[in-house]
Structures are given as structure tokens and as C-alpha cells.
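For reference, the structure discussed in these notes is given below.
First the proteins, then the strands, lettered A, B, ... as listed; each starts at 1. All values reported here derive from a predicted model rather than from experimental measurement.
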Amino acid sequence: MPELPEVETVRAGLVQFLVGQKILSAESTWEKSFPNDPKLVRDKVVEATVLSVDRRGKAIIIPLSSSYSLLIHLKMTGQLVYKPNQGQGFGGGHPTDSLIHSLPDTSTRVIITLTNGTLFFNDQRKFGYVKLEKTAGLYERNLFLRKLGPEPLEENYTFEQFKTAVQKHNKTTIKAAILDQTVVAGVGNIYADEGLFAAKIHPATKVSQVSTVKLHRLFDVLREVMQLSIKLGGSSDRNYVDAKGKKGSYLKFAKVFRREGKECPVCGSEITKIRVAGRGTHVCPKCQKIKK
DNA sequence: CACTTGACCTGTCCGC
DNA sequence: TGCGGACAGGTCAAGT
């Protein structure tokens, strides 16, 4: 479930550990997790230096000195965890509840060793990937990256942009529209449900039935909710961890997500779980009225 | 073209 | 205790 705030938290952690380090080796135990020509890996990954750690939507991009980049998608269960070598500890010490003490484990798919430590790509369900791509023109060329909509937290992102993009999907539900990565990059199931609750919009409402006022409210709260989550280190539903192998705490603040059967914090009604856009969807039936 | 559904995978949970 | 099946949810391919 890594969504934008989780991926951003991972990125922010990795950037301080990896930049400037040289890669010594890159190996995988599951081919689809690392679908790259071994010769190209030898030529463009081994001996290359990490230049930066970037993010676009839910993807992480690591440009290397070889003019190639690692393009990483965590999908649902991916983790990127950095384990320093003996004597190269994290500033501030190792978190005692960190996953690094048991790495590698059964879900480890890719192992990248660097001069001062090791980067583990873990992925229980094997949906994610670490792909080697040419850096030049990557964002315009890559089939996934090129289709992504705007970054929701960028300063120049406007309501007009959001409105125009959402309303192109007039026939579908508002939840399906905001989950569409071409509309806005980075929203997933957690923040879709939380945002729609905060904006008091039922997720199954057709886009054409959402008023401009409510849409504006949704635009604002989606950004607030993701901003807050980044501050709290992301959500930890199941197996999300940051670059140090630590869980995030945002879910403690979630008002509807995974709270079915519990009380709505606003009106006290029972939160229900339904299916919208093929996903488990959490709603307060009183705060979020259906309008068809 | 817009939209929906199934596939990709594995681990967990629930009912019998 | 074991077992089948539903479910988790990001993205792509195939179907309507």
C-alpha cells in the first residue's frame, strides 16, 4: 500500500544514505523483480555511483553516474530498506524494532551492496520491480512515468488543473477518478477513502454529480491528508516500512480506513465497508451521503 | 475511447 | 488442526 506519502518517506530516508556511495554488486532471487539484462547490470550498475534519489508519483528513481537509473515501484508490498555495514550505523542509532536485524529474509528479491551498506528490495507478493533505464528522457519515454498526472503536493498545482482532469472522467465514480494515476499521481486506496470522508463525498458518487464546492474541498483535503501523513512517516497498514525498516504512524489518525464496525469520529455512526471501483472502500453512511 | 474486470502473487484470516 | 476460499490493493492487459 505504499502511496505517495509512504514512497516519499522511503525516498527521503534513502537519499541521506545512498547518495555518493558506489554500488559493488546487484543480484536478485526473483527474475521478475529485477527484469534486467545481466550484461547491462555489470556495465551500468556495478561500479556506478548514486547521484540522487528522486520520486514521481509512487515510483522511486535513482540516477547513477553511468547515465542509467534504477526505476523502482513498490506496488503493494514492496520495501526498500538500507542496512549499514558494521560500524556505519544510522545517525541516531539503529531503531530496535527495525526490520534490518533480520535481513535478508524470505521476501527479499533484490540485494544491492554498496561501499558502506546494503540496500534490500523486499516484496512479499512480487508485484514490484527494480528496472534499469537510461536516464536521458526517462520521464518522457517510460510507459508508466509518461502517463502520470501532476504531483499533488507541488506548489504550482491548482484546483483548475484538478477539476479539469477529474471531470474528464464524468461517467465513473469519484473514487475511481482520483485513483486514476493520470488524473493525479500518488493517490491510493487509503488516501482516497480518507480524502473523500474529509470532503463528505460518498465514494460511489458519479463525478458529474460532485459539485464544484465539494470538488474544491476534496482538492484541499487530499493535499492536507498526504502532507500530514508524510510528517508522520506514512501509514503502516500491514507491511510498509521506511528506509530504516521502521513503521509509520499515520493510520492511528485515519478516520475511516480499516475502521469498519467502529464509530465515525464526527457523528458516531457505524463505519461500513463496501466495494467501489473494485476496491474495499470505507465510508460513514451518515457523513457521506449517496447522490446519484 | 471510456470504463470495468481479471491477472499478477503470497500471506492471513475465517468458516467448517 | 487442516483446508478451501475470500481478501488485501497498484498497475497492466484484455474485455465490454
Could you tell me how far apart [X] ([atom1]) and [N] ([atom2]) are, to the nearest whole angstrom?
X	N	atom1	atom2	value
A/Arg258	C/dA8	CZ	P	10 Å
A/Glu31	B/dC9	CD	P	12 Å
A/Leu148	C/dT11	CG	P	8 Å
A/Asp180	C/dT11	CG	P	10 Å
A/Glu3	C/dA8	CD	C1'	13 Å
A/Gln79	B/dG11	CD	P	13 Å
A/Asp123	B/dG11	CG	C1'	13 Å
A/Leu179	C/dG10	CG	P	7 Å

Need one value for A/Arg109: base, sugar-phosphate or nothing, where a base atom within 4.0 Å counts as base even if backbone is also close, heavy atoms only.
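No contact.
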Sugar-phosphate, base or nothing in reach of A/Asn170, heavy atoms under 4.0 Å:
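Contact class for A/Asn170: sugar-phosphate only.
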Does [N] have its OP1 or OP2 closer than 4.0 Å to a side-chain nitrogen or oxygen of [X]?
X	N	value
A/His73	C/dT11	yes
A/Gln181	C/dT11	yes
A/Arg279	C/dG10	yes
A/Lys32	B/dC9	yes
A/Lys273	C/dC7	no
A/Thr77	C/dA8	no
A/His169	B/dA2	no

Report yes or no: is the ring centroid of A/Phe144 under 5.5 Å from the six-membered base ring centroid of C/dT11, with the two planes under 30 degrees?
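The base of C/dT11 is not stacked with A/Phe144 (the test needs centres under 5.5 Å and planes under 30°).
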Mapping A/Phe127 and A/Lys147 onto DNA chain C by nearest heavy atom, which one lands closer to the 5' end?
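Looking at DNA chain C, the more 5' nearest nucleotide goes with A/Phe127.
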One pair to check against salt bridge (charged side-chain N to carboxylate O under 4.0 Å, His left out): A/Glu8 and A/Arg55. What are the steps and the verdict?
CA-CA 7 Å; A/Glu8 174 55 26; A/Arg55 181 190 60 74; 2.9 Å; yes
Contiguous Watson-Crick or G-U pair runs (3 or more, under 3.5 Å) in DNA chain B
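Stem list for DNA chain B: B:2-8 with C:10-16, B:10-16 with C:2-8.
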If you measure from the P atom in B/dG6 to the same atom in C/dA6, how many Å do you get, rounded?
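The same atom, P, in both gives a distance of 12 Å.
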Among A/Glu133, A/Lys131, A/Arg56, which residue meets the side chain to side chain donor-acceptor pair (under 3.5 Å) test with A/Asn142?
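Option passing the side chain to side chain donor-acceptor pair (under 3.5 Å) with A/Asn142: A/Glu133.
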To the side chain of A/Lys126, which of B/dT4, B/dT10, C/dT11 is closest?
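Of B/dT4, B/dT10, C/dT11, B/dT10 is nearest to the side chain of A/Lys126.
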Does A/Phe257 form a ring-ring contact (aromatic ring centres under 6.0 Å, His included) with A/Tyr191? I'd like the steps, not just the answer.
CA-CA 8 Å; A/Phe257 193 80; A/Tyr191 301 102; 8.5 Å; no
Please state whether the base of C/dA8 and the side chain of A/Arg125 form at least one donor-acceptor pair under 3.5 Å?
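Answer yes: a donor N or O sits under 3.5 Å from an acceptor.
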Can A/Arg42 and A/Glu47 be said to form a salt bridge (charged side-chain N to carboxylate O under 4.0 Å, His left out), step by step?
CA-CA 8 Å; A/Arg42 279 198 303 276; A/Glu47 295 294 304; over 6 Å; no
